[in-house]
Number of protein chains: 2
Amino acid sequence: MSDHDDSGVYWWRLLDDEPFHNTRTKILFAAYKEIHLNGFQAASLNNILAHTGLTKGALYHHFPNKTELGYAVIEEVIADRIYRSFIAPLNDSGRPIDSLIELIQQSGNAFSLRDVQLGCPLSSLAQEMAPIDEGFRTRLNVIYELWHEAIVKAVMKAQQSGQLIDQVQPEQVAVMVVATMEGCLSAGMISQDLSKLMFCGEGLIQYLNLIQNKNN
Amino acid sequence: MSDHDDSGVYWWRLLDDEPFHNTRTKILFAAYKEIHLNGFQAASLNNILAHTGLTKGALYHHFPNKTELGYAVIEEVIADRIYRSFIAPLNDSGRPIDSLIELIQQSGNAFSLRDVQLGCPLSSLAQEMAPIDEGFRTRLNVIYELWHEAIVKAVMKAQQSGQLIDQVQPEQVAVMVVATMEGCLSAGMISQDLSKLMFCGEGLIQYLNLIQNKNN
DNA sequence: AACCTCACATACCAACTGGTATGCTTTATA
DNA sequence: TATAAAGCATACCAGTTGGTATGTGAGGTT
C-alpha cells in the first residue's frame, strides 16, 4: 500500500532553491511524502528512512520524536507550499476578485490526475489529526488563518472600490472560498475525475462573479 | 489518544429502531466510533472489541478482515446516516432551493462543539482512504453520487419552474453545495469555532440566494 | 441419543511500531 | 595536537498490530 512512484507532477512543485542537500531536509521531505500518502499515524519512520537511505540515528538526532517531526513537516513544508501557491499570489491587484478567480482557474489547470488522487495535504492532515492532537490542530489552523486573512484583504479592497454588492462580508467570503476550494479538491479526489474538480471550481467562480457589481 | 467519552451529542443521532442487540451490529457501531475518532488505519481492533466486551473470535466470525469491516461500516453505517440527514429531507418540495437552504441551516444548528471537533466521518474517511484503497474510494464515491443526484433533482425542479437565473447548471450547483458544506465543516473543525462553521454556511446560503430569480 | 453447525471465547503468533543506548567518524575548538 | 562536540550508524527493545488455530457450549436436525 505504501509503495509508490515519485513521478507525479505536483502543483506545489518543488522549488530549485530548496536545500535538499542536508540530512534534516531530506528527512523532512521524505516524511512529507509518506504523510501525504498514508496519513501521519500510518506513516512509517522506517519507510521514511528507507526512502532517504538514512537511519534511525539520523532521524532522532534531528527530531525528538515522531510527533515533532510531524509538526516540522507542517511548519516548514506544508505552510510554505500553501503560502507560495495560494497566499502570495493574492497580493496587490487592482481588481482583487478577478485575480482571485484567475488564481482558482490556474490552480485547477495545474492539477494532474495523480495530484487529484492524492488530495490536498493540508486538508487531509487536518481531517486526520485535528481531532486527536492539539499541536497539529493549532499549527494547521495558523495556515488556514493566514490564508483567510489574505482573501479578506483582497475582498475588502474590492469592496472599498465599489466592485462588490452590498451584502458581502469579507470574512464570510474568505472562509467560504477556502472551504469550497478544498471541497472541490475532495470531490475530484473521491471521484478521480478532473472534470468534476473543474466543474466545482467553476461553481465557485460563478459565486465570485455574482457578488460583483455588474455596473462596474 | 484513543480513549474518549461517548457523551457527545451527534447530529446523526442514533435511531431507536436500530438493532443494537446482535453481535454483528455491536461490532459495526463500535468500529464506526473508533474509525471516526482515529481514522481507519489507526483504528485498533482490540479497542473496538474492548468497547463491546466481545472478543476476536466474534469479530473474525462476522468479518473476514479489518478492511472488510471498514467496508461494512461505510455501507451500513455511514451511508445510512448521510442518507437520512442530507438526502432524504430533500424530497419533493415546492420550492426546492428554499428547503435546501433550510436543511443547511438546520444541520448547522444541530452541531455541538464536539461534533464539529470530530469532523464529518464521510469526508475524513475519504481523505484518508481514497488515495490508498480502491474499495474504500468506490464505496465512498457511491454515497457522494447519491447525494449529488438528490441535489441535482432539486435544482432541476427549481429551474423548470423558473425560480433560477439562466446561467445555473444543476450538476455544478450540486457538486459545489456538497463540497462547500464539507469545507465549512472542516473550517469549523480546524478552528474549533462553531461560529466559523455557521458563518461559512451563511456564505453558501448567500450563493443559493444569488442564483435565484429575484422577481419570482 | 448422536451429530452437526453456528456463534462465539481463549490463547497464541509473526511482523512491525516508535523509541533508545551505544559506538564510530568527522569537524570544530582550544 | 589534544579535546570536545556534532552528525550520524548499528543493534536492540518492549509494546502493539492484524490475524489464526483451536476449544467450547448452545440449538437444531435426524
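Residue numbers begin at 1 in each chain, while the letters A, B, ... track the order of the sequences. Both backbone and side-chain heavy atoms feed into the values below; hydrogens, waters and symmetry mates do not. As the structure is a prediction and not an experimental result, all values here were calculated from the model.
- One side chain, A:Q41 or A:E128, offers a donor N or O that lies under 3.5 Å from an acceptor on the other.
- B:E76 and B:R24 are joined by a salt bridge, as a carboxylate oxygen and a charged side-chain nitrogen come within less than 4.0 angstrom of each other.
- What separates CG of B:L49 from C1' of C:dC8 is a distance of 12 Å, to the nearest Å.
- Between the side chain of A:K66 and the base of C:dG19 there is no donor-acceptor pair of N/O atoms closer than 3.5 Å.
- The separation between A:N22 atom CG and C:dT26 atom P is 20 Å, rounded to whole Å.
- The shortest distance between the side-chain N/O atoms of B:H62 and the OP1/OP2 oxygens of C:dC8 is below 4.0 Å.
- B:H61 places its NE2 atom 6 Å from the P atom of C:dC8, with the value rounded to the nearest Å.
- Note: CG (B:N46) to C1' (C:dT17) measures 14 Å, nearest angstrom.
- B:Y60 has its OH atom 19 Å from the P atom of C:dA7, to the nearest Å.
- Residues A:N141 and A:T138 have side chains that never bring a donor and an acceptor to within less than 3.5 angstrom of each other.
- Within 4.0 Å of B:A43, counting heavy atoms only, lie sugar-phosphate atoms of the nucleic acid but no base atom.
- Rounded to the nearest 0.5 angstrom, A:L185 CG and A:K196 NZ are separated by 14.5 Å.
- Rounded to whole Å, the distance from CD1 on B:I27 to P on C:dC8 is 8 Å.
- Residue A:L59 contributes atom CG, which lies 9 Å from atom P of C:dG19 at whole-angstrom precision.
- Neither OP1 nor OP2 of C:dA7 sits under 4.0 Å from any side-chain N or O of B:T23.
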For residues 142-152 of chain B, please give each side-chain donor-acceptor pair under 3.5 Å, one per line with the distance, not counting sequence neighbours.
residue : atom : partner : partner atom : Å
B:Y144  : OH   : B:E182  : OE1          : 2.8
B:Y144  : OH   : B:E182  : OE2          : 3.2
B:H148  : ND1  : B:Y144  : O            : 3.4

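- Nucleotides of DNA chain D lying under 4.0 Å from heavy atoms of chain A occupy a range whose first and last members, 5' to 3', are D:dG7 to D:dT10.
- Side chain to side chain, B:Y207 and A:Q206 meet the donor-acceptor criterion of an N or O pair below 3.5 Å.
- For A:F63 and A:Y71, the ring centers are positioned 6.0 Å apart or more.
- Computed from coordinates, the A:I48 CD1 to C:dT17 P distance equals 10 Å when rounded to whole Å.
- Each of A:G57 and A:F40 has a nearest nucleotide on DNA chain C; the 5'-most of these lies closest to A:F40.
- Projected onto DNA chain C by closest heavy-atom contact, A:A42 and B:R24 fall at different nucleotides, the more 5' of which corresponds to B:R24.
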